[in-house]
Amino acid sequence: MAERIRLAVEAHHFPDHDHQRVPVTTSIGVARLGERETPQQALERADAALYRSKAQGRNRVTHAA
């Protein structure tokens with residue numbers, strides 16, 4: 001699902017005031033809630049994965065470890 005969102009944003013035409021295309025990309029971090037993990041812990045792992053996406057060049061989906 002995250003990859004489909006990323007691709008849709010990348011393909012969408014976001015115009016500026018002169019109707020010129022403005023390139024927009026999306027970086028997403030995802031995590032699955034572990035069996036013995038709180039939602040807050042999963043969110044923190046997803047956030048860390050988001051920052052890895054940005055550090056690795058942006059416009060990507062990164063899964064938490």
Side-chain angles (χ1 to χ4, degrees):
M1 177 59 84
E3 182 64 14
R4 290 193 326 214
I5 293 169
R6 187 196 68 75
L7 288 170
V9 169
E10 183 179 46
H12 186 77
H13 179 80
F14 292 94
D16 67 10
H17 65 281
D18 292 325
H19 305 287
Q20 298 296 313
R21 186 172 197 263
V22 176
V24 177
T25 61
T26 305
S27 297
I28 302 173
V30 295
R32 181 192 304 197
L33 182 61
E35 201 172 298
R36 296 178 185 221
E37 180 176 48
T38 67
Q40 182 63 35
Q41 290 169 319
L43 184 58
E44 289 170 2
R45 290 188 310 106
D47 189 51
L50 167 62
Y51 282 97
R52 282 196 309 278
S53 284
K54 291 179 178 185
Q56 294 172 356
R58 302 178 182 255
N59 196 32
R60 64 186 64 225
V61 176
T62 302
H63 299 264

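Values in this document were obtained by computation on a predicted structure and should not be read as measured data. Scope of the values below: all heavy atoms of this structure, side chains included, with no hydrogens, waters or symmetry mates.
If you take CD1 on I5 and CD on E10, they are separated by 14.0 Å, rounding to the nearest 0.5 Å. Put simply, CG on L7 and CG on N59 are 8.0 Å apart, with the number rounded to the nearest 0.5 Å. A distance of 10.0 Å separates NE2 in H63 from CD1 in I28, rounded to the nearest 0.5 Å.
Within a 6.0 Å sphere centred on CZ of R21, heavy atoms belonging to other residues, nucleotides or ligands number more than 12. When the shell of 6.0 Å around NE2 of H19 is examined, it contains 12 or fewer heavy atoms from other residues, nucleotides or ligands.
Between D47 and E44, every side-chain heavy-atom pair lies at or beyond the 4.5 Å cut-off. For the pair V24/H12, no side-chain contact is recorded, criterion being any heavy-atom separation below 4.5 Å from C-beta on.
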Candidate pair S53 and T62, rule side chain to side chain donor-acceptor pair (under 3.5 Å), full reasoning: CA-CA 6 Å; S53 284; T62 302; 2.4 Å; yes
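In plain terms, the two heavy atoms of L33 and T38 that are nearest each other are CD1-O, 3.5 Å. Contact record, A64 with A31: CB-CB, 3.6 Å, taken as the closest heavy-atom pair. Here the shortest heavy-atom pairing between H13 and Q20 reads CE1-C, 4.4 Å.
The closest donor-acceptor contact from the side chain of R45 to the backbone of G29 lies at 3.5 Å or more, if one exists at all.
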